Amino acid sequence: MMDGPILPAEPLIGRQTVSRIEADYDRFREGMPDQIEQYILEKYGVDVSSRYGMTRIKNPFGKASGQLSVNLEQVKADARAGLGFVVLKTVIAENEEGQRSMKEWAVKETRMVVNQITGKETGELGWNVTWRGRGWYGTLSAYLDFFRSALAVGRAHGMVVVPSCKYHLPCREEAGYALDEYRHTTRMLLQVWNEQPGAGPLQMEKDFSPTVAGSGLAKQQNTVLEWLRQVPYLIKTAAGDADLQLGIKLMNTMFDDRFQLESIRTLLEEGPVRPDYVIYANRLYDSRLKFLGKEGAAYGGPDLSTRNLRILSRLRKMEVLGKLKHPVPPLSGTGNIHSGKMAVEYGLRGAESLQMHTIFQRPNSAFGMRTGSKTERALHELYFHPKDGLITWMLHVKEHQDITGPGGVIRFSDVASWYRNQGKEYFLYLL
């Protein structure tokens, strides 16, 4: 058995059910109703609620950190559209004097080009955004104001909002980590978070993504592994006595699959502390790709999801064979999530939530909905597309993978548990 798609090419559900989904797809072309999650539950017996990290979310769909979560108007539009969560643009850590060891990441380099792309491995046609990514280019103080306002918007609409941060990552020649930046930035984020009523532990992402800018650091395997051992501990220590739920967003390294799996194992087993959850995995990088007159750029599309799903399948095989010391922590999937079907592919490998970026930049002509924001159009497609939508494929796995909860309801959280229950044998016998 190869570690390709788990789902078949076509969904196997009754014609009557297909007709109901087709009718809703057409019905909601002018806009979806409020409380869409309740509508889907009552009409189809599909519960789309789930978890992002340790936090409950109303649906599994979220916006990944990037240029589409860099200002308050974007957050407001996502909240009105009904996203489950939003990860804000990645801030670059600084110390009390405003100095940044990673200052080369705090520049305004934002131009992105949307195009269709053919996967090298599968020949599949998909969408891609080519860009040279950088972090938040403003000050930490401005980011904190943005974070504070975004949290208020999220609370008003039942949408989880979390910050993302890039901390100092030393190369081999540097003496150590800029601990003053770790302490100051983490404590400032905690301060804003704790202003919320009943705030609980701060939830945040640490972004490991030097490949996005083609950083030479990402070519040093031992250096990468050392970051993965030390950085979660340093962030947790920087929080002092405060409770912090830390998600580590793993990079796609510029090495082979064996090293990719080694990097995950190192993160989960070799450091003083484990992350509370993992986001897997960011863009691919092609040093030969020419973009804006320079060589080297990040890209996504079918090759990204093909690699991510392959690595996650092998990770689950390691887990069910007992080759990991501990179970993999909660997982958030990202990478070419262009359909509900792809969301379920990630879900069957244990992803409880999905982070997206490219889908929100496709041209309006690529969506079935005739009006509304890109986020509204994307959610309409993700839920209701008759062939590739989440409802269709949740009902497929309910029938063919024997995933059913109380009252005959299929829950997305049950799909994300399939790998350790009904699906265990699938991963045991992967080649």
Side-chain angles (χ1 to χ4, degrees), residues 1-12 50-53 60 119 121-122 124 228 247-248 250 252-253 255-270 274-281 302-337 339-355 390 393-405 410-431:
M1 186 184 298
M2 300 301 293
D3 47 1
I6 296 173
L7 299 174
E10 302 287 337
L12 302 174
S50 193
R51 289 194 308 174
Y52 162 60
E121 294 190 46
T122 64
E124 177 187 353
L228 295 172
I248 296 295
L250 278 172
N252 264 304
T253 67
F255 304 110
D256 61 16
D257 287 1
R258 181 177 297 181
F259 181 78
Q260 194 70 19
L261 283 164
E262 176 65 12
S263 67
I264 303 173
R265 191 195 62 77
T266 298
L267 172 71
L268 299 181
E269 298 193 342
E270 293 190 4
R274 281 161 49 93
D276 297 293
Y277 63 105
V278 173
I279 304 94
Y280 192 85
D303 288 335
L304 177 57
S305 54
T306 296
R307 187 184 202 208
N308 283 359
L309 296 177
R310 181 173 68 241
I311 295 296
L312 289 176
S313 291
R314 295 177 184 180
L315 178 67
R316 293 308 181 187
K317 179 174 182 176
M318 292 168 64
E319 184 175 1
V320 299
L321 286 174
K323 292 185 176 181
L324 298 176
K325 296 177 183 177
H326 308 282
V328 177
L331 180 70
S332 185
T334 188
N336 191 41
I337 299 169
S339 67
K341 181 181 182 181
M342 184 61 76
V344 173
E345 285 281 10
Y346 273 91
L348 291 169
R349 293 160 175 84
E352 297 177 275
S353 63
L354 298 314
Q355 300 194 15
L390 185 73
W393 285 99
M394 289 278 283
L395 294 175
H396 169 93
V397 299
K398 175 183 179 180
E399 183 171 345
H400 298 281
Q401 305 292 355
D402 192 27
I403 303 176
T404 307
I410 178 170
R411 303 177 298 179
F412 193 82
S413 56
D414 293 330
V415 173
S417 299
W418 177 81
Y419 75 92
R420 61 172 175 258
N421 298 313
Q422 301 95 323
K424 190 172 182 179
E425 288 191 4
Y426 173 89
F427 295 101
L428 282 173
Y429 295 104
L430 284 176
L431 290 179

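In this text the structure is predicted, and so the values were computed from the model without any measurement.
Across A343 and L390, no two heavy atoms sit closer than the pair CB-CD1, 4.3 Å. The two residues T306 and E121 have their closest heavy-atom pair at CG2-OE1, 3.6 Å. The two residues P329 and V278 make their nearest non-hydrogen contact at CG-CG2, 4.0 Å. Contact record, G53 with P330: O-CB, 3.7 Å, taken as the closest heavy-atom pair. The minimum heavy-atom distance linking R274 with V328 is given by the pair NH2-C, 4.4 Å. Nearest heavy-atom pair, M342 versus N336, reported as atom, atom and distance to 0.1 Å: CG-O, 3.4 Å.
Side-chain N or O atoms of K424 include none that pairs as donor or acceptor with a backbone N or O of V320 at under 3.5 Å. Using a distance-only test at 3.5 Å, with no hydrogens or angles considered, no donor-acceptor pair links the side chain of T122 to the main chain of G119.
Counting heavy atoms from C-beta on, the side chains of L331 and L312 come closer than 4.5 Å. When side chains are defined from C-beta on, I279 does not count as touching L250, because their heavy atoms never get closer than 4.5 Å. The shortest side-chain heavy-atom distance between L12 and E399 does not fall under the 4.5 Å cut-off. For the pair L354 and F412, the minimum side-chain heavy-atom distance is below 4.5 Å.
Applying the salt bridge (charged side-chain N to carboxylate O under 4.0 Å, His left out) test to pairs two or more places apart or on separate chains, those with a residue in residues 319-333 are R316-E319.
A search for salt bridge (Lys or Arg N to Asp or Glu O under 4.0 Å) contacts involving R411 returns D414, not counting sequence neighbours. Under the ring pair (Phe, Tyr, Trp, His ring centres under 6.0 Å) criterion, Y277 pairs with Y52, sequence neighbours left out. With sequence neighbours excluded, the residues satisfying side chain to side chain contact (heavy atoms under 4.5 Å, CB included) with D257 are R307, R310, I311, R314. With sequence neighbours excluded, the residues satisfying salt bridge (Lys or Arg N to Asp or Glu O under 4.0 Å) with E269 are R265.
Ring planes of F427 and W418: perpendicular class, angle over 60° (limits at 30 and 60°).
Taken from CG in L268 to OG in S263, the straight-line distance is 9.5 Å, to the nearest 0.5 Å. D276 contributes atom CG, which lies 9.0 Å from atom CD1 of I248 (distance to the nearest 0.5 angstrom).
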Output side-chain donor-acceptor pairs under 3.5 Å for residues 346-353, partner residues at least two apart or in another chain, one line each.
unit_1, atom_1, unit_2, atom_2, d
Y346, OH, N308, ND2, 3.3
Y346, OH, T334, O, 3.2
Y346, OH, G335, O, 2.7
R349, NE, L309, O, 3.2
R349, NE, S313, OG, 2.9
R349, NH1, E345, O, 2.8
R349, NH1, E345, OE1, 2.8
R349, NH2, G4, O, 2.8
E352, OE1, R51, NH2, 3.0
E352, OE2, R51, NE, 3.0
E352, OE2, R51, NH2, 3.2
S353, OG, S332, OG, 2.7

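Donor-acceptor pairing under 3.5 Å is recorded for the side chains of Y280 and Q260.
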Evaluate the side chain to side chain contact (heavy atoms under 4.5 Å, CB included) criterion for residues I410 and V415: first the C-alpha distance (whole Å), next the side-chain angles of each, then the deciding distance (0.1 Å), finally the verdict.
CA-CA 8 Å; I410 178 170; V415 173; 4.1 Å; yes

Full working for side chain to side chain contact (heavy atoms under 4.5 Å, CB included) between V397 and I6
CA-CA 10 Å; V397 299; I6 296 173; over 6 Å; no

Begin with the C-alpha distance, continue with both residues' side-chain angles, and end with the deciding distance and a verdict on side chain to side chain contact (heavy atoms under 4.5 Å, CB included) for F259 and T266.
CA-CA 10 Å; F259 181 78; T266 298; over 6 Å; no

Verdict with reasoning, E10 to H396, per side chain to side chain contact (heavy atoms under 4.5 Å, CB included)
CA-CA 10 Å; E10 302 287 337; H396 169 93; over 6 Å; no

